[in-house]
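The block underneath contains the structure these notes are about, expressed in structure tokens.
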Amino acid sequence: MTKINSYWLMKSEPDVYSWDDLVAEGEGTWDGVRNYTARNNMRAMQPGDQVFFYHSNIGVEIVGIAEITESNIPDPTDDTGRWSAVKLKPVRKLKRTVTLKEIKADPALADMDLLTKFRLSVSGVKPSEWDYILKLAEG
DNA sequence: GCCAACGTTGGC
DNA sequence: GCCAACGTTGGC
């Protein structure tokens, strides 16, 4: 099994589950996803994969980096067996957040799934995009 | 298997 | 709070 992608972006509404909630918990289970594309992305994840944690609705920005600790586990909120979940832990908060506005304004990031499939809650990030955003956030 | 209706997401 | 985008459901 070859690794296709190691970088991801996961969206959460901060008033439901924020970066601080993840930090407080130490490890979070990402469940309740009811979108096939998002689920397929989650199934492709492997422990050790890096994830941008993104706040939707409020803030609308990437706030931190998390790491997948367990992948392809059954969704505890699902009784049909169709859906999957992953577990992740916080790695670190970005030195400064990177807003959607910035991402939209930057031609280097125009192809991000975040923009082209903006309703997708779990999307892939290319290594080049990952590096670029890290550079924006931390120089 | 098509497609209209419906529901949800998420930016503004 | 509104509305556009788009994924899912269900009737046929």
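Since the model is a prediction, treat every value here as computed from it, not as a measurement. Each chain gets a letter, A, B and so on, in the order its sequence line appears, and its residues count up from 1. Scope of the values below: all heavy atoms of this structure, side chains included, with no hydrogens, waters or symmetry mates.
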In residues 53-64 of chain A, which ones come under 4.0 Å of DNA chain B, going by heavy atoms?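 Listed by number, they are A:Y54, A:S56, A:N57, A:V60.
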
Taking atom types as modelled, is there a side-chain donor on A:E27 or A:T69 under 3.5 Å from an acceptor on the other? yes

A:V23-A:V86 co-clustered via ILVMFWY side chain contacts under 4.5 Å: yes

Any ion pair linking A:K89 and A:E70 (charged N to carboxylate O, less than 4.0 Å)?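 No, this pair does not count.
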
Check this for me, if you would: do A:R34 and A:D75 make a salt bridge, where the nitrogen-to-carboxylate-oxygen distance has to be below 4.0 angstrom? yes

Please work out if A:K117 contacts a base, only the sugar-phosphate, or nothing of the nucleic acid, heavy-atom cut-off 4.0 Å. nothing

Base, sugar-phosphate, or nothing for A:K104, non-hydrogen atoms under 4.0 angstrom? sugar-phosphate

Please find the earliest and latest nucleotides of DNA chain B, in the 5' to 3' direction, that have an atom within less than 4.0 Å of any heavy atom of chain A. B:dG7 to B:dC12

Before giving the answer on salt bridge (Lys or Arg N to Asp or Glu O under 4.0 Å), spell out for A:E138 and A:R92 the whole-Å C-alpha distance, their side-chain angles and the decisive distance to 0.1 Å. CA-CA 12 Å; A:E138 311 196 323; A:R92 69 173 193 276; 2.7 Å; yes

Any chance you could lay out the salt bridge (Lys or Arg N to Asp or Glu O under 4.0 Å) test for A:D78 and A:R39, step after step, and finish with the verdict? CA-CA 13 Å; A:D78 165 51; A:R39 183 202 66 179; over 6 Å; no

I need the minimum non-hydrogen distance between A:T116 and A:A110, along with the two atoms involved.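 Of all heavy-atom pairs spanning A:T116 and A:A110, the closest is CG2-O, 4.1 Å.
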
Using the ring of each side chain (for Trp, its six-membered ring), is A:Y17 parallel, tilted or perpendicular to A:F53, with breaks at 30° and 60°? tilted

When the nearest nucleotide of DNA chain C is assigned to A:F118 and to A:N35 on a heavy-atom basis, which residue is associated with the more 5' position? A:F118

